Amino acid sequence: KKNLQIAIDGPAGAGKSTIAKAIAKRLGIFYVDTGAMYRAIALKSLRLNIPVDHEEEVGHMVQQTEIELDHSEERRVFCDGQDVTEAIRSPEVSRKVSTIAAYPVVRQRLVQLQRQEAKRGAVIMDGRDIGTFVLPEADLKIFLTASIEERAHRRWRELLKAGKEVPVNEVKQDMEKRDRQDTEREASPLQPAHDALILDTTELTIEEIVDRIIALTDRL
Ligand code: C5P
C-alpha cells in the first residue's frame with residue numbers, strides 16, 4: 001500500500017523502536033522515532049540551562065528549534081544542525097523528557113513535524129500518542145506492553161551495551177516515574193487507541209513480534 005501507516009505506541013522499554021526499525025527495514029518504509037524529537041527538546045533545555053519546569057521558556061525555545069531525522073540506516077538525529085543522536089539517550093534526558101512532553105506548545109510543534117514526516121510515504125511511527133492523536137487514520141495500530149521488570153531489564157542491558165553502568169533498580173524507578181507522568185498528563189496521555197491491537201511482549205522475542213505484525217500488514 002502506497003501510503004501505509006503503522007502506529008506503534010506503548011510505555012518505555014516495551015521494544016517499540018527496535019521492532020519499528022525491523023519492520024521498516026523488512027517492508028522498505030520510513031521509520032519515524034517521535035520520542036527522539038521530545039528527547040532533543042529536553043536535551044536542548046538542559047544545554048541552555050532552561051529549567052524544564054519553566055513551561056513558557058521551553059515553549060518559546062521549541063518554536064525556534066529545528067529537528068531533523070535522517071532516514072538512512074544510521075538514523076541520526078539533528079537538533080539545530082547538530083548531531084545529538086547519542087546525547088539524547090542519556091539518563092539525564094530520560095529523567096527530564098516527560099516534563100517537557102506534557103506541555104501543549106511542545107506537543108503542537110512536534111506533532112506538526114511528525115505529520116509532515118508521514119507525508120513522505122508509507123511509514124511506521126512509534127511514540128505514545130500516534131494511534132490516538134498523530135495518525136488517527138493509521139491502517140494498523142499496535143500497543144506494545146511488557147512487565148515493568150522485563151522492560152527495566154531490557155533498558156538496563158541497552159545502557160550497559162552503550163557503556164553506561166546504572167543499577168537496574170534505578171532504571172526501573174526512572175521508568176516507572178516516566179510512565180506515570182506520560183499516562184497521567186492532560187495532553188495526549190499514553191493510552192491504547194480504541195482500535196489498537198494490544199501485544200504483550202514479555203514472553204516474546206523481537207523476531208516473533210516483528211513476524212506477527214508483518215503478518216497483520218499482509219491483509220491490508
Ligand atoms: O520513546 P521514548 O522513550 O524515547 O520517548 C521519550 C519520552 O518522550 C516519553 O517518555 C514521553 O514523555 C515523550 N513522548 C511523547 N509522545 C510521543 C513520543 C514520546 O510524549 N509520541
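Bear in mind that the values here come from a model prediction, so they are computed numbers and not experimental data. For ligands, and for the atoms within them, numbers begin at 1 and follow the listed sequence. What's counted below: heavy atoms across the whole structure, side chains too, no hydrogens, waters or symmetry copies.
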Determine, using heavy atoms of Arg107 and all atoms of ligand 1, whether some pair is separated by less than 4.0 Å. yes
Could you tell me if any non-hydrogen atom of Gln181 lies under 4.0 Å from any atom of ligand 1? no
For ligand 1, the portion of Met125 having any non-hydrogen atom under 4.0 Å away: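 It is neither; nothing of Met125 touches ligand 1.
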Which one holds for Ala12 and ligand 1: side chain close, backbone close, both close, or neither close, with close meaning a heavy atom under 4.0 Å? neither
Any atoms of ligand 1 less than 4.0 Å from a non-hydrogen atom of [X]? List them with their elements.
X: Asp182; answer: 9 (C), 10 (O), 11 (C), 12 (O)
X: Ala101; answer: 12 (O), 13 (C), 20 (O)
X: Gly127; answer: 17 (C), 18 (C), 21 (N)

Give yes or no for whether the N/O distance cutoff of 3.5 Å, strictly under, is met between Asp129 and ligand 1.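 Right, the criterion is met.
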Decide whether an N or O pair under 3.5 Å exists between Thr34 and ligand 1.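 N/O-N/O distance below 3.5 Å exists for this pair.
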Take atom NZ in Lys164; do more than 12 heavy atoms of anything else shown fall under 6.0 Å from it? yes
Within the supplied structure, the quantity of interest is the number of heavy atoms (other residues, nucleotides, ligands) at a distance under 6.0 Å from Glu165 CD; does it exceed 12? no
Starting from [atom], what is the nearest protein heavy atom, named by residue and atom, and what distance separates them?
atom: atom 4 (O) of ligand 1; value: Arg39 NE, 2.6 Å
atom: atom 6 (C) of ligand 1; value: Arg178 NH1, 3.4 Å
atom: atom 8 (O) of ligand 1; value: Tyr38 CB, 3.5 Å

Of the choices Arg155, Lys16, Arg128, which has the non-hydrogen atom that lies closest to atom 1 (O) of ligand 1? Arg128
Please identify which of these residues, Val32, Val77, Ile88, meets the side-chain contact (heavy atoms from CB on, under 4.5 Å) condition with Met37.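 With Met37 as partner, Val32, Val77, Ile88 yield a single side-chain contact (heavy atoms from CB on, under 4.5 Å), made by Val32.
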Given Glu208, Glu150, Arg154, the one that forms side-chain hydrogen bond (donor to acceptor under 3.5 Å, both in side chains) with Thr201: Arg154
Please check if the side chain of [X] supplies one atom and the backbone of [Y] the other of a donor-acceptor pair under 3.5 Å.
X: Asp9; Y: Phe143; value: no
X: Arg39; Y: Arg89; value: no
X: Lys16; Y: Pro11; value: yes

Within 45° of the axis and under 6.0 Å from the centre of the six-membered ring of Phe133, does NZ or CZ of Arg115 qualify?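 Yes, a cation-pi geometry.
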Polar side chain donor-acceptor pair, Ser45 to Lys96, under 3.5 angstrom: no
